[in-house]
Amino acid sequence: KRWYIKVNVLIVEDDPMVALINKRYLEQITDIKTFGPVMYENDIIKSLKENDIDLILMDVFLPEKSGIDILKAIREKNFFTDVIMITAANSTNEIKRAFAYGVVDYLVKPFEFERFKEAINKYKARKKVLLNEEVVSQSDIDSLIMNNSSENEVKLPKGLNARTLDRIIDFLNEKSNEVWTLREIAYEIKISNVTIKKYMDYLESIGKVDLEMNFGNVGRPEYKYFVKK
């Protein structure tokens with residue numbers, strides 16, 4: 001099983017500048033191919049038929065029809081492509097409708113790249129589970145649901161920061177086929193060895209990483225970490 005999951009993303013956006021920003025954001029994330037931008041329902045349907053689209057980035061405010069109404073229409077046409085709403089629309093009614101039609105995330109403009117990357121990486125993790133297994137276990141389903149919950153709801157041990165933890169998890173996930181020492185992770189993340197050790201101990205305790213301990217020439221143990229699959 002590989003972490004690197006190729007994702008074809010269709011950008012649905014009528015503002016050329018916003019579409020360009022979204023495209024540039026996507027290009028910074030591993031194994032993403034972009035399509036569009038498009039803004040009309042017929043063009044969206046055409047792209048879904050002609051291309052193997054995995055994910056749609058959907059705006060709400062579009063020229064002829066709202067993104068949520070288009071989402072409803074494509075569901076009625078039996079397209080179950082995953083959708084992330086990216087929009088300035090943040091009324092509770094619109095958000096409730098969007099989730100009722102099965103969006104996997106909802107980003108309110110303006111947003112930071114880190115939040116955008118988090119949404120895409122959570123989607124990729126979900127896709128990985130569903131792609132690799134014909135039948136999923138309860139624990140797999142639980143992991144998918146937990147992936148959609150807020151990281152802020154998880155109570156971290158004292159001294160650990162949620163944003164830093166996200167950075168470490170993102171880094172390890174993107175390099176999940178490699179084995180890392182504490183020094184190597186600390187160098188890549190630009191955090192001290194002592195601090196990284198606290199985060200890695202936490203990730204080991206919740207089952208996110210596995211640990212191997214080797215003894216070097218001087219007899220001191222060297223910890224090596226790899227993503228648990």
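Worth knowing before you read on, the calculation uses all heavy atoms, side chains too, and leaves out hydrogens, waters and symmetry mates.
Listed by first and then second residue, the side chain to side chain donor-acceptor pair (under 3.5 Å) pairs involving residues 11-21 are Glu13-Lys109 (not counting sequence neighbours). Sorted by first and then second residue, the salt bridge (Lys or Arg N to Asp or Glu O under 4.0 Å) pairs involving residues 32-45 (not counting sequence neighbours) are Glu41-Lys65, Glu41-Lys77.
To the nearest 0.5 angstrom, Ile74 atom CD1 is 7.0 Å from Ile44 atom CD1. Atom OH of Tyr123 is separated from atom CD1 of Ile29 by 13.0 Å, given to the nearest 0.5 angstrom. Here the straight-line distance linking atom NZ of Lys122 with atom CG of Asp105 works out to 6.5 Å at 0.5 Å rounding. Here the CG atom belonging to Leu20 is positioned 8.5 Å from the CD atom belonging to Glu27, to the nearest 0.5 angstrom. Note that NZ of Lys224 is 12.5 Å distant from CH2 of Trp180, once rounded to the nearest 0.5 Å. Rounding to the nearest 0.5 angstrom, the gap separating the CD1 atom in Ile168 from the CG atom in Asn173 is 12.0 Å.
With sequence neighbours left out, the ring-ring contact (aromatic ring centres under 6.0 Å, His included) criterion links Tyr40 to no other residue. Listed by chain and residue number, nothing satisfies the side chain to side chain donor-acceptor pair (under 3.5 Å) test with Arg75 (two or more places apart in sequence, or in another chain).
Aromatic ring pairs are classed by plane angle as parallel below 30°, tilted from 30° to 60° and perpendicular above 60°; the pair Tyr25 and Phe116 is tilted.
The hydrophobic cluster containing Ile32 does not contain Val38, counting ILVMFWY residues as joined when their side-chain heavy atoms lie under 4.5 angstrom apart, directly or transitively. Under a hydrophobic-cluster definition in which Ile, Leu, Val, Met, Phe, Trp and Tyr are linked whenever side-chain heavy atoms come within less than 4.5 Å, directly or via other members, Val227 and Leu182 are assigned to the same cluster. Taken together through direct or relayed side-chain contacts under 4.5 Å among Ile, Leu, Val, Met, Phe, Trp and Tyr, Tyr106 and Phe113 form parts of separate hydrophobic clusters. The same ILVMFWY cluster, assembled from side-chain heavy atoms under 4.5 Å apart, contains both Ile191 and Leu203. Under the 4.5 Å side-chain heavy-atom criterion for ILVMFWY residues, no single connected hydrophobic cluster contains both Val7 and Phe79.
Put simply, the side chain of Leu160 does not reach to within 4.5 Å of the side chain of Leu165, judged on heavy atoms. In this structure, Phe111 and Ile86 have side chains that are in contact, with non-hydrogen atoms separated by less than 4.5 Å. By the 4.5 Å heavy-atom criterion applied to side chains, Tyr202 and Lys208 are not counted as neighbours. Side-chain contact between Leu62 and Asp59 is present, with at least one heavy-atom pair separated by less than 4.5 Å. Taking 4.5 Å as the limit, every side-chain heavy atom of Glu114 sits out of range of all side-chain heavy atoms of Asp166. Side chains of Leu107 and Arg115 form a contact here, defined as non-hydrogen atoms less than 4.5 Å apart. Between Ile84 and Ile120, some side-chain heavy-atom pair lies under the 4.5 Å cut-off. Looking only at side-chain heavy atoms (C-beta outward), Glu212 and Tyr225 stay at 4.5 Å or farther from each other.
Contact check on Glu174 versus Lys117 returns a salt bridge, with a Lys/Arg side-chain nitrogen under 4.0 Å from an Asp/Glu carboxylate oxygen.
Between Ala98 and Leu71, the shortest heavy-atom distance links the atoms O-CD2, 4.0 Å. The minimum heavy-atom distance between Glu94 and Val60, with the atom names listed, is OE2-CG1, 4.2 Å. Considering every non-hydrogen atom in both Asn161 and Tyr199, the closest pair reads N-OH, 2.8 Å.
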>> Under the criterion side chain to side chain contact (heavy atoms under 4.5 Å, CB included), I'd like the reasoning laid out for Asp210 against Glu204: C-alpha separation, chi angles, the key distance, then a yes or no.
In response: CA-CA 6 Å; Asp210 279 335; Glu204 184 192 5; over 6 Å; no

> Under the salt bridge (charged side-chain N to carboxylate O under 4.0 Å, His left out) criterion, do Asp69 and Arg97 qualify, and how do the steps go?
Replying inline: CA-CA 9 Å; Asp69 288 335; Arg97 287 186 67 208; 2.8 Å; yes

Donor-acceptor contacts, no H, no angles, side chain residues 50-58, under 3.5 Å, sequence neighbours left out:
| from | atom 1 | to | atom 2 | distance (Å) |
| --- | --- | --- | --- | --- |
| Glu50 | OE1 | Lys46 | NZ | 3.2 |
| Glu50 | OE2 | Lys46 | NZ | 3.1 |
| Asn51 | ND2 | Ser47 | O | 3.3 |
| Asn51 | ND2 | Ser47 | OG | 3.2 |
| Asp54 | OD1 | Lys127 | NZ | 3.1 |
| Asp54 | OD2 | Asn8 | N | 2.8 |

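Within 6.0 Å of atom NZ in Lys190, more than 12 heavy atoms from other residues, nucleotides or ligands are found, so the atom counts as buried in its surroundings.
Here the side chain of Arg167 pairs a donor or acceptor atom with the backbone of Ile189 at under 3.5 angstrom.
Here Val179 is tied into one hydrophobic group with Phe226, each link being a pair of ILVMFWY side chains closer than 4.5 Å.
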